[in-house]
Structure formats: C-alpha cells, structure tokens
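See structure below.
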Amino acid sequence: MNAPEARADKGTGATDDAEDSDDLDVEEALALVNDVSGRTPGDPARARTPRRGGPRTAADGRSPATRHDDHHALSWTEARTVAERAARRGTGSRAAHRAPVPVPLDAALGLTLAAPLTALTDLPSFDTSAMDGWAVSGPGPWAVREEGVLAGHAEHPPLTDGEAVRIATGARVPPDTTAVLRSEHGRTDDNGRLHATPPRAATTPRPAGAPHAGPVSSVAHGQDIRPRGQECRSGEQLLSVGTLVTPAVLGLAAAAGYDTLSTLPRPRVDVLVLGDELLTGGLPHDGLIRDALGPMLPPWLRALGAEVTTVRRVRDDAQTLYKAITRSDADVVLTTGGTAAGPVDHVHPTLRRIGAELLVDGVEVRPGHPMLLARIKENQYLVGLPGNPLAAVSGLLTLAEPLLRTLAARPAPEPYTMPLRDAVHGHPHDTRLIPVVLRGDVALPLHYNGPAMLRGIAAADALAVVPPGGTRPGQEAELLDLPWASGGIGVCFT
Ligand SMILES: Nc1nc2c(c(=O)[nH]1)N[C@H]1C(S)=C(S)[C@@H](COP(=O)(O)OP(=O)(O)OC[C@H]3O[C@@H](n4cnc5c(N)ncnc54)[C@H](O)[C@@H]3O)O[C@H]1N2
Ligand code: MOO
C-alpha cells in the first residue's frame, strides 16, 4: 500500500510518529480513534511497526503508566504454533470446532471426513468371479450350461456337481460354485465337456520320451472367487474422522455405498488486496505496478483447503478498509499490504479500531516480518500479509497455512529435511525462507529471493527454512513443500 509519494515517507518522520503509537495500549488507541482531534484512523500517528526490543520511552512525554512494553515479534516456529492453536481454541482436539455438512461425492475432494467412513455394505457384496472363465462345481470334467453369467446380472440358478457355466469377471458366482476356472486354463472337448488344462509351465514341449501330462481334472477349492465380505463387512470402519478426501477415498466411499460424505466445510476466505498503486492489467507505468497477489493467492488458498469467497481490491483509505473487514462474514479475512508503518498502511490502526485481538504481530522471519494474525470476532480471523510479494508468500505459509489447515481439519504435513547444496547467508536473528529446487537428494537455493521478487519462488519446488546465522554447504534444512510440487491432493487448485 504505497502511493509513490507515500513510500518515500517510510522510515522517516511518519515512522517515528508510528513508533510513538506503539506505546499506546488498545484502550488508548481506541479512544484516539474516536477522538475529535481531527486525525483519521489511518493517520500514521496510529500506525505501528512490528519490531523487537525492550520498553521504550514515550516520545510524547506521556506518563510511563500509560505505556506498555513494546511487543515482541514471535519466532517463526512460535508464530506457526499460535496460528494453528488459534483455530482450535477451546475444542480440546486437533481440529477446530465447526459443524459438519453432507457433501455429494463429486464435491468432496480435498475436504476432511467429519465422521468415520463405515462400510454400508459387505465388500464384495456377493461372491464374485475374479476372472473371465467358467464357474465350476466339484471336480472336472464339467458339463457346460448353455447360458453364461455376466456382471450385473441377477443370481444364476445353483450349479450341480460336475456342472460349469461361462462367467465374466465381476459376475456373481452361482450358488454351489466351488471355483472359477480361468478361460486360459480350460478347453472344451468335441462333446462340449470342459477340461482344466495344465498350467503354462507343463505345456512347454515335452522332452522326448517323457509321459504326456494330460489335462488335470480339478482346480483348487475357492480359486479365483472373491468371497463376499473379503475386503470388509457392513458396519466396519474403513477410514477415521479427519481423513483427507483424496480421489482414492472418493472411490472407496462410492464402493462402500455412499452418495454423500459428512465433511467439514472449507474455511471461507475473503481476500482484500490493498494498494492504490496496483494495476489489474497492462504494463506498469507512472509509478503504478501490476497486482501480483490478486492472481496468485486465490488458487494457492484453495490448495491450502480454503474456499475463496471474495477477492476485492481495496483502495488506501482507512474507512474503506474498516468497512471491508467489518462487513465480511468469512471465516478468515486475508489482507495484503498495509502491514508496515507507511502513511497509508491502515491495517494496524483498523484492527485497533475494531478492537481485534492481535495474536501475532510480527514474526522473526525474512522476508515477511511485518505479517500479523488477529482474531476479529469469536470465530473470525484476519491474516495480514505484507505487500512485498515474496513476503506475502512467507506470511501465507507461516500464518495462513496452519490456520486454514486447522479450520479445515486437514492433517499437518510430515516435516522433512534435505541438505542444501550451497551455503545460504542467514539473517543474524531471524529465520529465512528461501526458494529451492530439488535435484535428487539435495536442494539448490535459488538466487532471486528478495522480498519483492517472485522469480525464485515461481521456479521453486519448495521453500527452505534457513535458521538464524545461515547454513553451510550440505547442511540439512527443513523444507516446506509448495502445492504444485508436492503432488497428490496438493495439486488440486480448483
Ligand atoms: N519503516 C518501515 N518500513 C517498512 C518496514 C518496516 O519495518 N518499517 N518493513 C518493510 C517490509 S520488510 C515489508 S515486507 C513491507 C511491508 O509493507 P506493507 O505490508 O505495508 O505493504 P505495502 O507498503 O503496501 O507494499 C510493500 C511493497 O509491496 C508492493 N505491493 C503491495 N501489494 C502488492 C501486490 N498486490 N502486488 C504486487 N506488489 C505489491 C508495494 O507496491 C510495495 O512496493 O514494508 C517495508 N517497509
Ligand atoms: O518482510 Mo520484508 O519482506 O523483509 O521485505
């Protein structure tokens, strides 16, 4: 959120004013928002910059009793834990408390099961032929019935001992069938009687003088029959609550008799893209730039399990932002830009005006350290992503991912590490998130990793978590998969 002329103010007088406002407590800030001094809620005097450090002296000479200690940015790990826990506050479980909804199978991909998947039928639900061939009864040779048995047909009359009937894979075997003889293992003689032929190995040319093997007259009892209930019995639990609905789960659910699944709804996210400088088409001109986050975030949020209900561009105006946030009934409002201390960075002052509870206000991570997480209502959250595009990705994966995962009751990805081929320069105190490509069993750090750059992440397979101080060549680092590289359900962006 930076009109070109406003950007020049960052770190100058505007920021100094903003630092004063850090010494206000919420009540004071609210009082100031409501005061009649003529300052608007978006006035930089109420903006606030996340930072580390101890208590500071109020520059406006207010009594120390009216100040609070400067807040502390959380470590990257703490911030992720806070985001995850925020969503399940008071539930005592790993999932957030949200009402399940029945969803038709074709709309359930990527949701999580709110009830165990219990078989509604035996599987298979009847004794089934596993092969094309003949259903036979007793030892051969067999008299072959005229009419065959196909899959999907009603039950055939029982076989009598010494009888056979042509049968297709998946057809229900007639009562009193003892085995299925595969078509390649049987032949009918001139009288139409069926014989079992020897297995393949025995049909290879006989050595001279060896006795003729001749047809074998029987097959093993139960051979190539899938007995009813072999996979499960009706009432048996197949999958537990919290299972992610994958394509395979959809298939199993259909086989087990389901038309709808009880699932947790996707958390609804309203995306508010802040910034007067943003263009939605064409080339940058006159200090205006293309909005990179509007196109990038919605599909990424969907891949994280969210339903994106709105994508709205919001101009740099405190009242407009206030209205956009307070009118949202989404589970999560996600803003981009305006988190820092520029003259038009309205996110902090607006949160104070709303009386939101700031859960994370700055994270010790580069890029993206001004990211924030707030509870704006009992079950409504705001994730404030910084405007620099790679910083926004950092906020998305640090705060939005664990929050949405918990709201969607999705399982946490299994953490893993890989050696980084090259040394990565670290920040002295903060974690760094660096785009990497995976080559065999090493990760190669990419160069274009500045906060305003997307060139690295667009070519990346993962983000490496580089601890404060950096990493040596070959040192293991935790990797965060990117949804397009992790495969499986993660590739579902729709
Ligand atoms: N005095 C300080 N200034 C800044 C600080 C600070 O701590 N003190 N932090 C810097 C860091 S780090 C970041 S990151 C940014 C965060 O800024 P905001 O969240 O307030 O974002 P804006 O100022 O609105 O924008 C920053 C930058 O990103 C561009 N931008 C914004 N939205 C988009 C978009 N949708 N697509 C593409 N680019 C976007 C915007 O034009 C700016 O260039 O603050 C630093 N400053
Ligand atoms: O967080 Mo900012 O992205 O370091 O530039």
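Note that the structure is predicted; figures quoted are calculated from it, not measured. Side chains included, hydrogens not; waters and symmetry mates left out as well; all remaining heavy atoms used. Read the numbers this way: they start at 1 and go in the same order the structure lists the ligands and their atoms.
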Ion pair present between [X] and [Y], side-chain N to carboxylate O less than 4.0 angstrom?
X	Y	result
R88	E84	yes
R226	E231	no
R302	E307	no

Hey, is ligand 1 close enough to [X] that some N/O pair sits below 3.5 Å?
X	result
A292	yes
T336	no
P370	no
G338	yes

Numbering as shown, the atoms of ligand 1 that approach [X] to under 4.0 Å (heavy-atom distance):
X	value
D345	20 (O), 23 (O)
P386	14 (S), 16 (C), 19 (O)
V273	35 (N)
R290	36 (N), 37 (C)
D291	34 (C), 35 (N), 36 (N)

Could you tell me whether Y448 atom OH has more than 12 heavy atoms of other residues or ligands within 6.0 Å of it?
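It does not: Y448 OH has 12 such atoms or fewer within range.
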Q. When you look at CZ of R233, are more than 12 heavy atoms from neighbouring residues, nucleotides or ligands closer to it than 6.0 Å?
A.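 Atom CZ in R233 is crowded, with more than 12 foreign heavy atoms closer than 6.0 Å.
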query = Would one find an N or O of G368, backbone or side chain, under 3.5 Å from an N or O of ligand 2?
reply =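 N/O-N/O distance under 3.5 Å: yes.
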- Query: Can you find an N or O of H369 that's nearer than 3.5 Å to an N or O of ligand 2?
  - Reply: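 In this structure, H369 places an N or O atom under 3.5 Å from an N or O of ligand 2.
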**Study point:** Non-hydrogen atoms of D276 and L288 that approach each other most closely
**Key:**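 Reported closest heavy-atom pair: O-CD2, 4.0 Å.
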Of the choices [options], which has the non-hydrogen atom that lies closest to [atom]?
atom	options	result
atom 3 (O) of ligand 2	P370, A391, A452	A391
atom 38 (N) of ligand 1	I289, T280, L385, L293	I289
atom 30 (N) of ligand 1	G294, P367, G387	G387

Check: What atoms of ligand 2 come within less than 4.0 Å of a heavy atom belonging to N388?
Finding: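 Result: 5 (O).
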Once you restrict to heavy atoms under 4.0 Å, what part of [X] touches ligand 1? Side chain, backbone, both or neither.
X	answer
A391	side chain
V347	neither
E277	side chain

For [X] and [Y], which I'm curious about, is there any donor-acceptor pair between the side chains at under 3.5 Å?
X	Y	value
D361	H348	yes
T280	D291	no
S234	D122	no
Q475	R421	no

* Testing V393, V436, N449 for side-chain contact (heavy atoms from CB on, under 4.5 Å) with L463, which one passes? ->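 So, applying the side-chain contact (heavy atoms from CB on, under 4.5 Å) to L463 and each of V393, V436, N449, only V393 qualifies.
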Margin query: Check contact between R366 and ligand 1, using heavy atoms of the residue and a distance below 4.0 angstrom.
Written below: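 For ligand 1, residue contact (heavy atoms, under 4.0 Å) with R366 is absent.
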| request: Using the test side chain to side chain contact (heavy atoms under 4.5 Å, CB included), find all partners of P419 that sit at least two apart in sequence or belong to another chain. | output: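 For P419 the side chain to side chain contact (heavy atoms under 4.5 Å, CB included) partners, ignoring immediate neighbours, are V442, E476.
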